[in-house]
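Read the structure below first, then the notes.
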Amino acid sequence: MLDTIMQTKLFAWVDRRTGAADIIKSQLTEYPVPKNLNYMWNFGSLALLVLVLQIVTGIFLAMYYKPSAALTYGGYTVAFDSVERIMRDVNFGWLIRYMHAVGASAFFVVVYMHIGRGLYYGSYKEPRELLWIIGVVILLIMQGSAFFGYLLPWGQMSFWGATVITELFGALPIIGEYLQQLLRGGFAVGDPTLNRFFSLHYLFPLLLAAIVGGHVHALHVVHSNNPEGIDVHSDDQKINFHPYYTIKDAFGVGVFLTIYCYVVFFNPQMAGYFIEVDNYVPANNLQTPAHIAPVWYLTPWYTILRSFESKLLGVIAMGGSLAILFVLPFLDRSKVRSGRYRPMFRLMVVMFFVDVIVLGYCGHSAPSETLKLVGQIATAYYFAFFLLLPFLPMVEKTKPEPEGI
Amino acid sequence: MTDQADQSRRNFLYIAAGGLGAVAAGAAAVPFIGSMFPAADTLAAAKTEFDVATVEEGQLVVIQWQGKPVFVSNRTPELLAQLDGHDDMLKDPNSEAIEEVSAEWMTAENRKYRSIKPEYFIAVASCTHLGCIPLYKPSAGRKEWGTAVPEDWPGGWHCPCHGSLYDLSARVINGSPAPHNLHLMPYKYTSDTKVVIG
């Protein structure tokens, strides 16, 4: 199909002016990929798909959304009413908003799977350190973007979530107070905050799109890792990205869209996990909801924050838990990449996945003595996992890696 | 690989899968394009009620309907008399170009008035050329208006943007860039003076 198009006169005309044929060959039809990638390798292309979905639905929502905390005759605010108008009056507005809200959660599901795959199979190791680091930047921008976006409906959770998170920056010595005012544009979260969060919520995905381009470019320089974690040299162990992996990715897209559409059409709020119930109550700066928690994808870090008595320590620990991801490629000293041939690492990394889920559960639940202790233990393991990695090769007996795949 | 493959079967699958994908992409575009059309609350605000008794004799008021300006003029018998005798200057003296909106009440004798009640004239206030609001210049001749209007000016509207001229029933005068008379919109009287536009 593609080669038929590439033989046309029109393509030849374009090619002579852009070098399109060389790009298609080097990036798709003659781009070599290990032949043994499993379905865990589908999540990268899915993340790209969700990014596009979020940008498209977001652009259409912005045609009707109004970032203003001004009061309306109904006693609500312009922002809250504009979201309700999207849900009730705008043609297909309910669908586009649910696609966007569910898309935010779906984005984190696929990205967390993508990161987990990278961890388990050692995809962050030499020569893919920078590829991993770019990926961590993408994660941080995603979290920022999700946080900014969550303020926009101007419901109770929006307002108090933003209050709590901007309050965090106030804990930093000296600059804290100024940083907090810089984010809020005032002394409390209010109309200026809403306006700048909308602006930043529109900016961040543009940054994401650019950095994702860098991520893909970096990948195409060092090429894909594979489940065995070994370097693949001979040509008979590689296949071309197109058509073999385009078709496999397309299959993954089909499965993903089936699940995504089910949630969008039948269960968009996901029992309060994707859209919190309290956010249908308009923001009230004089009353905090009984229980406030971030959306599920931010709760593991929220637990780390809550695990410390000292506010400053909590903030530092939360920042550190994300920052440590940057240095992971240099902490792990083992020459063997894949968890398949590292029995101790394999146990540790699976425990790490469970640990993050436990952290997430603790952060989503109302605080209690037991959960606080569980959260503290989970926090300790979170850091222990990373800090033990440099010493692991001293005790770990790795299994022999295969010659080829 | 290629020599073992049945190329015609393979091409059929490519085209079938690609075609299905194209249909799905087209279907997915429907809600997005659909969302850009007027929302339900915008459509619900599509009617405007107005009491024509508030317009003094000889006065023109501009009201809003669907966000568009609408002329309501109260024509005195003298002004109504100015509608006669210049049919040869008009592009469409009987308003036959766009018949549907006024078909219900338009009779042979009120074709020159273009309104349900001759004294109250109601029309969309957008020049049919490029949408500016024409200026009301009701008196005949150049005495009040100078050279902006022709010497045989019957009284009516003059569009400041590109010089279109309309008579007092907003019928477009020959030589104007505007193609049609000012558009009428559907309206009806719910009482003697209350009118519902839209």
Side-chain angles (χ1 to χ4, degrees), chain A residues 1-5 29 35 49-50 52-66 72-74 81-100 103 235-236 239-240 242-244 246-251 253-254 256-258 260-261 264-265, chain B residues 1-51 63-70 101 124 126 130-131 185-187 196-198:
Chain A
M1 203 67 166
L2 190 59
D3 17 297
T4 328
I5 295 168
T29 56
K35 64 180 183 180
L49 169 75
V50 186
V52 172
L53 270 178
Q54 288 302 87
I55 290 176
V56 171
T57 51
I59 285 170
F60 281 85
L61 287 175
M63 292 181 191
Y64 290 99
Y65 174 73
K66 297 184 181 78
T72 57
Y73 288 117
D81 282 358
S82 75
V83 173
E84 285 309 304
R85 179 166 178 258
I86 289 170
M87 294 302 288
R88 293 154 199 243
D89 287 337
V90 173
N91 303 311
F92 299 104
W94 57 274
L95 176 60
I96 299 174
R97 173 163 178 259
Y98 278 152
M99 283 175 77
H100 199 70
D235 282 342
D236 65 341
I239 49 180
N240 292 326
H242 182 80
Y244 300 107
T246 40
I247 213 77
K248 189 173 179 179
D249 281 344
F251 177 72
V253 165
F256 169 80
L257 284 180
T258 307
Y260 174 76
C261 287
V264 166
F265 285 105
Chain B
M1 288 289 278
T2 317
D3 44 64
Q4 306 163 18
D6 180 342
Q7 281 302 330
S8 71
R9 271 175 81 96
R10 183 166 284 185
N11 282 340
F12 172 77
L13 285 172
Y14 275 141
I15 290 164
L20 212 60
V23 170
V30 169
F32 289 101
I33 307 296
S35 76
M36 293 177 72
F37 283 98
D41 59 336
T42 309
L43 292 175
K47 282 184 196 296
T48 298
E49 209 184 58
F50 185 67
D51 185 354
I63 61 172
Q64 272 201 55
W65 167 66
Q66 292 185 347
K68 288 181 281 193
V70 166
V101 286
V124 178
S126 304
L130 291 171
M185 79 298 284
Y187 69 96
V196 172
I197 299 168

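Every chain is numbered from 1 and lettered A, B, ... according to where its sequence line falls, protein lines coming before strand lines. In this text the structure is predicted, and so the values were computed from the model without any measurement.
Contact of A:Thr4 with chain B is not made at all, since no heavy-atom distance falls under 4.5 Å.
Using modelled atom types, one finds no donor on one side chain facing an acceptor on the other under 3.5 Å when comparing A:Arg97 with B:Ser35.
Interatomic distance, A:Tyr64 OH to B:Met36 CE, rounded to the nearest 0.5 Å: 7.5 Å. Remark: B:Leu43 CG to A:Asp89 CG distance equals 9.5 Å, nearest 0.5 Å. Taking CG from A:Leu2 and OH from B:Tyr14, the interatomic distance works out to 9.5 Å, rounded to the nearest 0.5 Å.
Taking a 6.0 Å sphere around CD1 of A:Ile59, one finds it holds more than 12 heavy atoms contributed by other residues, nucleotides or ligands.
Residues A:Phe60 and B:Phe32 come closest through the heavy atom pair CE2-O, 3.2 Å.
With hydrogens and angles ignored, the 3.5 Å screen pairs a side-chain donor or acceptor of A:Asn91 with a backbone N or O of B:Gly34.
With chain A as the partner, the residue from B:Ala44, B:Gly18, B:Ala39 showing the most heavy-atom pairs under 4.5 Å is B:Ala39.
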